[in-house]
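Structure, as structure tokens:
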Amino acid sequence: MEKYNPQIIEKKWQKFWQENKTNFCDFDDETKKKFYNLVMFFYPSGAKIHIGHGYNYTGSDVYGRYKRLKGFNVFEPMGYDAFGLPAENYAIKTGQHPSLTTRANIDFGRIQLKKLGLMYDWEKEIDTSSPEYYKWTQWLFRVLYQAGLAYRKEAPVNWCPSCKTVLANEQVIAGKCERCETEVVQKKLKQWFFKITDYADKLLAGHEKLNWPEKTILMQKNWIGRSEGAEVKFFVIPTEMSEANGVEESLKQATDERSRDFARDDNKLSVFTTRPDTLFGATFMVVAPEHALITNHQSLITNFDEVKKYIEESKNKSDLERTDLNKEKTGIELKGIKAINPVNGKEIPIFVADYVLSNYGTGAIMAVPAHDERDFEFAKKYGLEIIEVVKDVQKHKSTESTRAQKTQACFEGEGVAINSDEFDGLTTAEFKEKIIHWLEEKGLGRKAVNYKLRDWLISRQRYWGAPIPIIYCDNCGEVLVEEKDLPVKLPELENFKPTDDGESPLARSKEFVNVKCPKCGAAAKHCTETMDTFVCSSWYYLRFLNPDLADKPFDKEIIKKWLPVDQYCGGAEHACMHLLYARFITKVLFDQGYINFDEPFLKLNHQGMILAADGGKMSKSKGNVVIPDDYVKKYGADVFRLYVLFLAPFEQGGSWSDQGIVGVKRFLEKVWNLQEKLKSQNSKVKTESQNSKFLVLLNQTIKKVGEDIENFHFNTAISALMILLNEFEKQKEVSIIHYTLYIILLSPFAPHIAEELWSRLGHNKSIFFEKWPEYDSALIQADEFELVVQVNGKVRDKIIVPADISESEATKTAMNLDNVKKWLADKEQKKIIYVKNKLVNIVL
RNA sequence: GCCGAGAUGGCGGAAUUGGUAGACGCACAAGACUUAAAAUCUUGCAGUGGUAACACUAUGAGGGUUCGAUUCCCUCUCUCGGCACCA
């Protein structure tokens with residue numbers, strides 16, 4: 001018999017699949033249940049398909065092939081997320097136009113993917129950078145705009161004063177431009193946002209429906225960061241006013257003056273707090289450097305120069321730096337103005353400090369140093385008053401709790417109110433409810449919900465993206481491009497590098513920019529920004545079902561039948577961004593009546609990361625990047641597929657090893673050689689009952705492999721297949737029936753060799769038209785088992801006993817073992833623990 | 001810093017409604033085959049002691065609950081993913 005030669009058989013079967021359209025998915029097939037098996041599509045940035053893709057796609061493909069054998073009509077598509085910064089950078093680096101490099105990368109990627117033997121339906125390919133696709137990304141922008149969910153406001157961007165370009169966060173290394181190492185500054189630009197915050201509660205509620213990893217849902221929940229509390233308004237008064245008239249009088253005056261106009265905020269400082277019960281402990285206030293209060297009160301602030309300098313300095317710090325608890329907090333008092341604590345009329349100082357962020361809550365806080373660690377630190381540094389208002393009533397009996405000691409000076413937990421006038425003695429929960437009521441009555445505050453989630457900034461001052469379909473007209477303002485005028489085509493620019501005034505490269509094309517207003521016909525300017533690539537990828541799963549539709553984004557009937565996605569597979573790093581954006585867009589399309597479901601991905605699985613052999617990350621600079629092609633060439637795709645899935649639990653990932661891969665190579669060679677042991681059709685089939693141990697293992701393996709694939713536990717499924725193979729090897733002859741079952745079990749993992757062995761049994765059709773085997777539940781239980789005998793919880797002996805042994809019989813047998821008697825001696829037995837089918841534990 | 005996950009032999013890993021720690025594979029060692037090597041096959045393989053039977057130790061560190069803890073609880077250390085313009 002010839003040797004196993006993957007190079008020949010893999011080419012043969014890949015050709016066969018293509019010619020016979022084996023993987024074509026007929027959406028109208030009514031005979032089977034649909035199964036939409038989606039994997040995060042490929043980003044053709046210039047880096048080739050690497051091990052990470054190979055890992056992700058193989059795992060998902062094994063699952064898809066298994067589902068197909070289980071009788072589903074499986075749809076498994078692949079496409080290209082082709083817009084974005086890395087693709088643009090690659091083009092700049094190679095000096096070619098991104099449309100050319102992207103096309104080349106896609107073509108190469110497709111060849112690489114086909115070599116891995118993935119079950120993709122190549123007739124449904126999509127490319128987000130094609131006008132046929134981004135026409136509908138622009139259509140999506142229209143949907144959001146018309147629903148009042150797209151708006152423009154000022155927001156800061158990273159700006160390199162030397163390169164005169166906007167930089168992505170990735171291009172800023174330690175506060176400096178990655179190219180010229182100039183200090184990066186923040187520059188404000190008017191930019192487009194999607195109002196994802198309007199959907200915060202819907203996004204939270206939707207989690208109930210999802211069969212997703214717990215941790216992913218938890219991360220999204222924390223990212224959305226819903227918290228309940230109160231909005232409280234503090235009056236701001238000039239210090240001289242309180243000095244002249246006294247606090248009470250000036251407060252009264254201020255209240256009288258403003259009472260008719262509560263909404264006017266310029267003389268009030270509004271804060272959000274989850275702990276309104278600590279209001280009596282608020283001894284100072286802090287505003288973010290960006291807060292409007294500062295500019296509004298510029299004339300009153302006596303140390304404005306100093307304040308201005310501080311604001312300038314904080315501009316260049318990232319949120320991460322600003323909120324780092326380990327860094328010493330800085331701040332400046334706003335001299336000349338004071339705030340009045342609404343609950344007790346006390347006059348308290350106002351600071352500006354960058355540990356308060358402008359984009360969370362109201363951009364200002366009431367500081368309660370006795371009960372918040374950050375405020376506590378700040379108060380100690382600047383010598384501010386600390387008033388304890390919550391007593392810890394929980395008995396901390398453990399003396400070793402270092403946390404309790406650490407927070408002794410600053411108790412952040414819940415307890416009972418003290419130093420809070422008539423509220424003393426209330427529990428935190430009671431106090432919260434009462435004080436909110438009190439504040440509402442006095443018009444000083446109200447119940448409020450706050451979210452960490454921020455609106456989605458979609459503007460990019462970049463060339464390689466979908467242009468935002470908006471025209472600015474002097475007469476009409478923002479005008480949405482009509483649907484009939486879509487797509488707004490990306491102009492073929494020769495120079496697509498960012499311009500030196502912060503505008504998008506699209507501003508270079510006069511033809512693109514100078515347009516007529518669709519409403520009034522006057523000369524107008526086209527928006528030159530492109531959309532965040534996440535917008536393209538937020539709806540791609542819809543387009544796969546109708547990649548060629550020219551007059552609409554998707555076909556309602558097919559959508560109805562095929563969505564939502566049944567299984568989605570991709571990296572956990574997408575938990576808070578792509579996965580949240582796709583859910584948001586889906587909910588918007590649902591609310592606007594375009595689709596009939598409001599969650600895109602019912603079930604989700606993540607793959608881990610494949611690390612280099614030394615356990616470190618793979619990187620180009622280290623030269624340790626593993627490219628699947630090299631291994632496919634050397635060992636074949638089946639070996640590659642098996643090895644990536646065998647080396648670690650799928651959701652965890654692990655390190656690649658050039659040595660380890662030979663193990664699965666040997667495994668497939670053994671499977672191949674099994675052909676020689678096949679019983680000839682004529683030989684008398686011996687009764688299988690003689691071999692009952694083998695039959696038990698066979699049935700156990702069918703059960704385990706199926707269940708493991710269902711749970712994405714591919715490594716243990718492969719291990720079970722290896723164990724069964726080792727048993728086949730011990731046999732003189734292998735029954736064709738068992739062999740047939742085995743090939744089917746192996747086929748999702750190693751489709752090429754399975755097809756070849758299958759056809760050698762005389763079959764004409766692909767093995768993937770077969771049925772996944774059922775196991776015989778009567779045959780998965782062996783008739784004897786190994787009983788573990790413990791004394792005081794330590795294993796002292798093991799014996800083989802019949803499966804139906806009684807407790808008393810088992811105990812009696814166990815106690816009579818020499819090695820057990822030795823330990824029992826003449827000691828008294830306190831109790832005996834018996835675990836059925838497992839163990840006996842004698843406790844002395 | 002904040003949010004999330006993880007740590008088991010020389011290596012990748014297995015085992016969790018609390019019940020035999022180390023399945024399966026790699027590496028390594030010995031043997032068979034061979035003129036020889038490779039490949040293949042057989043056997044061994046957590047550590048310490050012992051010819052062995054067996055005993056003790058061991059799942060990042062320390063403590064706790066339990067007849068029994070890799071699994072549950074507390075504290076700590078380290079590693080990884082995300083932190084909103086990489087996608």
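Residue numbering restarts at 1 for every chain, and letters A, B, ... go by the order of the sequence lines. Values below: all heavy atoms of this structure, side chains included; hydrogens, waters and symmetry mates excluded.
Electrostatic pairing of Lys190(A) and Glu154(A) does not count as a salt bridge here, judged by no charged N lying under 4.0 Å from a carboxylate O. Electrostatic pairing of Arg460(A) and Glu529(A) does not count as a salt bridge here, judged by no charged N lying under 4.0 Å from a carboxylate O.
Here C85(B) is the nucleotide among C85(B), A87(B), G13(B) with the atom lying nearest to any side-chain atom of Asn158(A). Here the side chain of Lys822(A) is nearest to one of A84(B), C85(B), A55(B), namely A55(B). Distance from the side chain of Asn819(A) is smallest to C54(B) among A87(B), C54(B), G19(B). Comparing atom distances between the Thr716(A) side chain and each of A55(B), G25(B), A14(B) picks out A14(B) as nearest. Checked against A14(B), C83(B), U20(B), the side chain of Glu786(A) finds its nearest nucleotide in U20(B). When the nucleotides A15(B), G13(B), C85(B) are ranked by their closest atom to the side chain of Ala168(A), C85(B) comes out on top. Distance from the side chain of Asp532(A) is smallest for A87(B) among the nucleotides G13(B), G4(B), A87(B). If you check A87(B), G19(B), G82(B) against the side chain of Trp223(A), the one that comes closest is G82(B). In this structure, the nucleotide among A87(B), G25(B), G19(B) sitting nearest to the side chain of Val835(A) is G19(B). For Glu170(A), the side-chain atoms get nearest to C86(B) when compared with the rest of C3(B), C86(B), A84(B).
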| task | Start with the C-alpha distance between Glu377(A) and Arg374(A), add both sets of side-chain angles, then the distance that settles salt bridge (Lys or Arg N to Asp or Glu O under 4.0 Å), and finish with yes or no. | result | CA-CA 5 Å; Glu377(A) 231 180 276; Arg374(A) 295 156 302 180; over 6 Å; no
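The shortest distance between the side-chain N/O atoms of Arg462(A) and the OP1/OP2 oxygens of C86(B) is not below 4.0 Å. The shortest distance between the side-chain N/O atoms of Trp823(A) and the OP1/OP2 oxygens of A55(B) is below 4.0 Å. For the OP1/OP2 pair of G19(B) and a distance below 4.0 Å, the side-chain nitrogens and oxygens of Lys794(A) include no atom meeting the criterion. Taking only side-chain nitrogens and oxygens, Asn89(A) never comes nearer than 4.0 Å to OP1 or OP2 of C86(B).
In summary, the aromatic rings of Tyr355(A) and Phe378(A) are positioned with their centroids under 6.0 Å apart. Ring centroid separation for the pair His713(A) and Phe650(A) does not come in under the 6.0 Å cut-off. Taking the six-membered ring wherever Trp is involved, the centroid distance between the rings of Tyr742(A) and Phe728(A) falls below 6.0 Å. Close placement of the Tyr134(A) and Phe83(A) rings is indicated, their centers lying within 6.0 Å of each other. A distance below 6.0 Å separates the ring centres of Tyr540(A) and Phe41(A). Two rings, from Tyr90(A) and Trp464(A), have their centers 6.0 Å or more apart.
We find the CD1-CD1 distance between Ile805(A) and Ile800(A) to be 11.5 Å, quoted to the nearest 0.5 Å.
Under the Watson-Crick or G-U wobble criterion, with both distances below 3.5 Å, A69(B) has no partner in any strand shown. Shown here, G22(B) forms no base pair; nothing in the strands shown gives a Watson-Crick or G-U wobble contact with both key distances under 3.5 Å. Pairing for A7(B) goes to U77(B), judged as Watson-Crick or G-U wobble with the two contacts each under 3.5 Å. When both pairing distances are held under 3.5 Å, C54(B) makes a Watson-Crick or G-U pair with G49(B). When both pairing distances are held under 3.5 Å, U17(B) makes no Watson-Crick or G-U pair with any nucleotide shown.
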Short N/O separations, protein against nucleotides 65-69 of chain B, under 3.5 angstrom:
residue	atom	partner	partner atom	Å
C67(B)	O2	Asn841(A)	ND2	2.3

Between the protein and nucleotides 39-44 of chain B, which nitrogen or oxygen pairs come in under 3.5 angstrom?
residue	atom	partner	partner atom	Å
U40(B)	OP1	Arg666(A)	NE	3.4

Using nucleotides 6-12 of chain B, report all nitrogen or oxygen pairs with the protein that are shorter than 3.5 Å.
residue	atom	partner	partner atom	Å
G12(B)	O2'	Leu647(A)	O	2.3

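Under the side chain to side chain donor-acceptor pair (under 3.5 Å) criterion, the residue pairs touching residues 570-579 of chain A are Tyr568(A)-His578(A), with sequence neighbours excluded. Residue pairs meeting the side chain to side chain donor-acceptor pair (under 3.5 Å) criterion with at least one partner in residues 656-669 of chain A, sequence neighbours excluded, are Tyr631(A)-Trp656(A), Tyr631(A)-Asp658(A), Trp656(A)-Asp658(A).
Between the CE atom of Met531(A) and the P atom of A84(B) there is a distance of 22 Å, rounded to whole Å. Nucleotide G81(B) holds its C1' atom 15 Å from the CD atom of Gln220(A), rounded to whole Å. Atom CZ of Arg583(A) and atom P of A84(B) are 20 Å apart (whole Å). Atom-to-atom, CE of Met577(A) to C1' of C3(B) comes out at 14 Å; the value is rounded to the nearest Å. What separates CD of Glu727(A) from P of A23(B) is a distance of 15 Å, to the nearest Å. We find that NE2 of His50(A) is positioned 11 Å from C1' of A87(B), with the value rounded to whole Å. As a whole-Å value, the separation of Leu453(A) CG from C3(B) P is 17 Å. Look at CD1 on Ile718(A): it is 12 Å from P on A14(B), rounded to the nearest Å.
Rounded to whole Å, the separation between the P atoms of U70(B) and A15(B) comes to 16 Å. Taking the P atoms as reference points, U17(B) lies 49 Å from C33(B), given to the whole Å. Atom name P, nucleotides A46(B) and U40(B): the rounded distance is 23 Å, in whole Å. Taking the C1' atoms as reference points, A14(B) lies 15 Å from C26(B), given to the whole Å. If you take atom C1' in U20(B) and the same atom in G12(B), they sit 23 Å apart, rounded to whole Å. Taking atom C1' in both U57(B) and C73(B), the straight-line distance is 25 Å, to the nearest Å. To the nearest whole angstrom, the two P atoms, one in C3(B) and one in U8(B), are 25 Å apart. As rounded to the nearest Å, C56(B) and G68(B) have P atoms that lie 15 Å from one another.
For the side-chain contact (heavy atoms from CB on, under 4.5 Å) test, residues two or more places apart in sequence or in another chain that qualify with Lys48(A) are Phe108(A), Gln112(A).
Under the 4.5 Å side-chain criterion, counting only non-hydrogen atoms from C-beta, Phe749(A) is not in contact with Asp638(A).
Residue order along RNA chain B, read from the 5' end via each residue's closest nucleotide, puts Lys215(A) first among His713(A) and Lys215(A). For the pair Leu218(A) and Lys617(A), nearest-nucleotide mapping onto RNA chain B gives the more 5' position to Leu218(A).
No side-chain N or O of Trp212(A) forms a donor-acceptor pair with one of Asn605(A) less than 3.5 Å apart.
Scanning atom types as modelled, no donor and acceptor separated by under 3.5 angstrom connect the side chain of Gln659(A) and the base of C28(B).
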